[in-house]
Undergrad: 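The structure's right below; bear with me while I get my questions together.
Counting starts at 1 for both ligands and their atoms, following the listed order. Positions are given from 1, in the same order as the sequence printed here. None of the values given here were measured: they were computed from a predicted structure.
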Amino acid sequence: MLDLRRQYESIKDEINAAIERAITSQHFVGGPELEAFERESAEFLGIGHSIGCASGTDALWLALQACGVGPGAAVVTTPFSFFASVSSIVRCGATPVLADIDPATLNLDPGKVEAALKRGRAVRAVMPVHLYGQCADMDRFGQLAQEHNIAIVEDAAQAFGAAWKGKKAGTLGTVAGFSFYPTKNLSACGDGGCVTTDDGDLAVHVRRLANHGSDRRYYHREIGWNSRLDGLQAAVLRVKLKHLDDWNQRRRMVACRYHGLFAAAGLTQPQGETATGQAPIAMLASVHDAYHTYHQFVIRALDREALRRFLAERGIGTEVYYPLPLHLQECFAYLGYKAGDLPESERAATEVVALPMFPELLEDEQKQVVAAIADFYSR
Ligand SMILES: *Cc1c(COP(=O)(O)O)cnc(C)c1O
């Protein structure tokens with residue numbers, strides 16, 4: 001599914017040298033590596049401010065909080081995402097409002113968000129998630145933000161290096177959160193994240209919130225939290241940032257090969273359609289305006305669980321992102337959603353399967369994956 005060792009082997013000397021440099025400096029919290037990473041990541045993205053923090057989850061919470069999201073406010077987001085997209089809203093004391101996804105891309109559907117905005121007056125922000133490394137429709141979300149005077153908080157955790165019409169994810173809304181969890185496209189040797197924005201006041205606010213609400217030592221303006229990106233992680237991220245464009249291009253090549261192999265196997269529906277008895281596999285749509293960086297390569301598959309067992313027996317790893325939409329999670333029962341409320345998310349949860357995807361994946365390995373899937377459906 002994902003072999004992180006291949007990547008480490010290819011940059012081992014650079015990573016080890018960076019770690020040694022960071023340890024030798026003895027700057028573990030703050031310091032020159034962090035400052036350099038914040039500068040270099042902001043330059044890479046083309047944005048004014050990048051602020052390191054402890055995780056992607058914290059990045060979302062800090063971004064929302066800095067936008068003034070708190071008790072009494074509502075934030076519209078997608079139920080078809082990682083848990084933190086919704087829990088970060090709840091941690092601010094606000095109410096998540098869940099809108100359904102576009103079945104072609106599985107990203108938050110702007111039409112459904114617009115309907116939610118017309119219903120609720122307390123909506124303070126919309127949080128689109130760039131799912132699997134493909135940007136949500138940021139033209140439509142930008143328009144909605146203007147019309148309704150609300151913030152756009154991008155959950156860009158899966159999308160470092162992705163873009164929409166040539167502009168990078170993390171620069172497309174009011175503020176954004178990234179994750180450097182070890183499986184993400186840009187990853188640390190542990191947890192990490194960052195918040196990006198072009199708004200100087202917002203950047204100052206995020207920094208203060210991540211430092212116990214203090215901008216002067218031992219004097220606290222507000223109640224913040226301890227959320228920092230370590231110097232060691234920053235040193236590692238600086239090395240990997242230099243390789244990221246190359247890695248993302250290779251992921252795109254791997255995706256292109258999957259499309260070719262599936263088409264040749266005659267198993268697939270056209271992009272964006274659903275799986276049927278005739279064509280048991282369906283590809284998600286890759287949108288023209290999006291530079292998709294394939295954090296995951298996800299297909300819809302008929303009889304998914306049996307397919308996954310069949311592949312596992314042949315040593316092929318798969319994963320399901322995500323098996324239960326967030327509106328049906330036990331801990332969010334108090335929000336009052338029920339099965340059937342967000343049908344596209346619920347259907348996707350039963351059909352999606354992520355195939356092996358990482359920059360170093362070999363063509364022969366991909367052929368084995370597709371051949372095994374063809375075997376399964378020809379039984
Ligand atoms: C990974 C991820 C997060 C959370 O990031 P962590 O660094 O694991 O806290 C949030 N949202 C999405 C969509 C993610 O994929």
Undergrad: Name each N or O atom in ligand 1 that is under 3.5 Å from a protein N or O, and give the partner atom and the distance.
TA:
unit_1   : atom_1 : unit_2 : atom_2 : d
ligand 1 : 5 (O)  : Ser179 : OG     : 3.3
ligand 1 : 7 (O)  : Gly56  : N      : 2.8
ligand 1 : 7 (O)  : Ser179 : OG     : 2.6
ligand 1 : 9 (O)  : Gly56  : N      : 3.3
ligand 1 : 9 (O)  : Thr57  : N      : 2.8
ligand 1 : 9 (O)  : Thr57  : OG1    : 2.5
ligand 1 : 11 (N) : Asp155 : OD1    : 3.3
ligand 1 : 11 (N) : Asp155 : OD2    : 2.8
ligand 1 : 15 (O) : Gln158 : NE2    : 2.8
ligand 1 : 15 (O) : Lys184 : NZ     : 3.0

Undergrad: How about Thr293 and Asn248: does a side-chain donor come under 3.5 Å of a side-chain acceptor?
TA: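 Thr293 vs Asn248: no donor-acceptor pair found between side chains.
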Undergrad: Under 4.0 Å between a Lys/Arg side-chain N and an Asp/Glu carboxylate O for Glu344 and Arg347?
TA: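 Salt bridge flag = yes for Arg347 with Glu344.
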Undergrad: Got a salt bridge between Arg251 and Glu360, using NZ or NE/NH1/NH2 to carboxylate O under 4.0 Å?
TA: no
Undergrad: Closer than 4.0 angstrom, basic N to acidic O: yes or no for Lys118 and Glu114?
TA: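 A salt bridge links Lys118 with Glu114.
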Undergrad: Determine all donor-acceptor pairs shorter than 3.5 Å in which one atom belongs to a side chain in residues 22-32; sequence neighbours excluded.
TA:
unit_1 : atom_1 : unit_2 : atom_2 : d
Thr24  : OG1    : Glu20  : O      : 2.6
Ser25  : OG     : Ala22  : O      : 2.9
Ser25  : OG     : His27  : N      : 3.1
Gln26  : NE2    : Ile23  : O      : 2.9

Undergrad: Measure the CD-CG distance between Gln249 and Leu244 for me, rounded to the nearest 0.5 Å.
TA: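 Going from the CD atom of Gln249 to the CG atom of Leu244 covers 10.0 Å.
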